[in-house]
Amino acid sequence: MKTTLLLACLAVSSAFAVTSPKFDGTKFLGNPLLDHHFTADPTAVVYKGRLYVYGTNDHQQYENPNAENKNSYEKIKTLTIMSTADMVNWTYHGEIPVSTIAPWIINSWAPSIVSRKEGDGKTHFYLYFSNSGCGTAVLTATDPIGPWTSPLPKSLVDQQSTNTKKCKVPFDPGAAIAPDGTGYLTFGGAEARLVKLGPDLLSVVGEAVILPAPYHFEANELNFIGDTCVYTYNCDWTAHEPWNYDCPKPSTCSMVYETSKTPLDPTSWKMGGDYNANPMIQGNTPCNNHTHLHKFKGTWYLIYHDQELQFKLLGENHGYRNINIDVCEVDEKNVTIKPCKNTKEGVAQVEKLNPYVRVEAETTAATASMTFKPAEKLGNMIAVPKEDGAFVAVRGVDFGPKGAQKFALVAKGAGRVEVRLDKPDGLRVATVELSDGPDFKKRAVNLENVPTGVHNLFLVTTGKPELDCWQFAPAK
């Protein structure tokens, strides 16, 4: 008995020793979306009630550092996928192995995704990305997770293309489909181009036009709000003088937007100005800026990146970025965007998490000392602790008025998983003891305390258990 009590005490004290980038012991931060993985340059698509976000996988560069351990981007040849139904609990789906799918690429950065339902009855996804700074390539799939294929043997546009008006850096694509079904693609660094896509979305029609994008730097993106095309880009690091537009001059390296109802007419674009200041102007570390506007469940959001996570994980600036999200006020009638401020708090939960269905262990609102590795099923990940007290946590779990009856965990490896309410050392509702073994098994246990109502939930680990998924059974 004394030994058991000692082990329990050690497990709790170990939990205190582990810190989380997004949970300070009393409250959660919503940003970054993933607190265990470096990502950047977001884009997004909605499918079956979930928002899927894709980004540059800065973590690949982090895991393959150069001599200075700086983010120099040349090792990045994968793209990261994450998704959510409630805007605060994010499922990490791992990486798209772009260099395996398209071995001719140089790098894979800054994706932009569109989707449409096609003649076979399936929704098809088109994921455009920067093939280094040399071109824009595309992958396709019929599921937002994949598997992905490369429909072309080379980039869609590159530095040798004759229809780009001699664009020197045809990268950082932004894609969108107009209400009439026409696809458009923008790209370019230090200069902006816009081209009409073919009906297959895998070819271009005619020559690109030169967009009037003053002080252009990079980070092109497109949206349609009604029949109005919204083009956004990152302006450069200069003073932006002169500024001859009917809106305030944008701040240094900020995000700027323009609108047009006839996007292929360069004279039709109306400058909207600065809508998201550089992180340094908002009190954070200066870095390049890259955003994506998306409407989900009736609310407009701005998805963007900064570099703050690296200070919590590494203690200093190595140039590794992280994707964040905040609410963005968009006037759809007049197609104007109010300046959006970056926050640590992020956004509100839009629906509660249901504990009575399978929840993947890689679905998290916060983690501490936890890593994730691919499972056999595409897009499924396994949570693996690095030390005792490591945890995965989710927010806004609704147990209902009657509460739960049992807890089931699919896991393997030797150790213990304690399920606790509201904080890592909060009320313990279940304990799962694991013995070492090569296979994942489902283990169901009775509850020590019955949770009712809405709580945050922590799965706190001791030893080396590997977690696949979990689920509660409701009380009858």
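- A salt bridge is defined here as a Lys NZ or Arg NE, NH1 or NH2 lying under 4.0 Å from an Asp or Glu carboxylate O, and R321 with D41 meets this definition.
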Please step through salt bridge (Lys or Arg N to Asp or Glu O under 4.0 Å) for the pair K75 and E63, ending with a clear verdict.
CA-CA 9 Å; K75 303 291 180 64; E63 291 175 332; over 6 Å; no
I would like to know whether K297 and D86 meet salt bridge (Lys or Arg N to Asp or Glu O under 4.0 Å); could you show each step before the answer?
CA-CA 9 Å; K297 297 186 177 180; D86 64 18; over 6 Å; no
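- Side chains of T228 and K261: a donor-acceptor N/O pair is present below 3.5 angstrom, by distance only.
- In this structure, the side chains of E308 and N324 stay at 4.5 Å or more apart for every pair of heavy atoms.
- Between L79 and L127 there is a side-chain heavy-atom pair separated by less than 4.5 Å.
- For T78 and Q60, the side-chain atoms include at least one donor-acceptor pair closer than 3.5 Å.
- Note: F399 and F472 have perpendicular aromatic rings, judged against thresholds of 30 and 60 degrees for the angle between ring planes.
- At a cut-off of 3.5 Å, with distance as the only test, no side-chain donor of N223 or Y231 sits close to an acceptor on the other residue.
- Counting heavy atoms from C-beta on, the side chains of V98 and K77 never come closer than 4.5 Å.
- Heavy-atom neighbours of N334 CG from other residues, nucleotides or ligands within 6.0 Å: above the threshold of 12.
- For the residue pair R193/T164, the side-chain donor-acceptor check at 3.5 Å is not satisfied.
- With 3.5 Å as the limit, one finds a donor-acceptor pair spanning the side chains of D468 and N380.
- Summarising the local packing, CD of E329 is surrounded by 12 or fewer heavy atoms from other residues, nucleotides or ligands at distances under 6.0 Å.
- The number of heavy-atom neighbours closer than 6.0 Å to NZ of K249, taken from other residues, nucleotides and ligands shown, is above 12.
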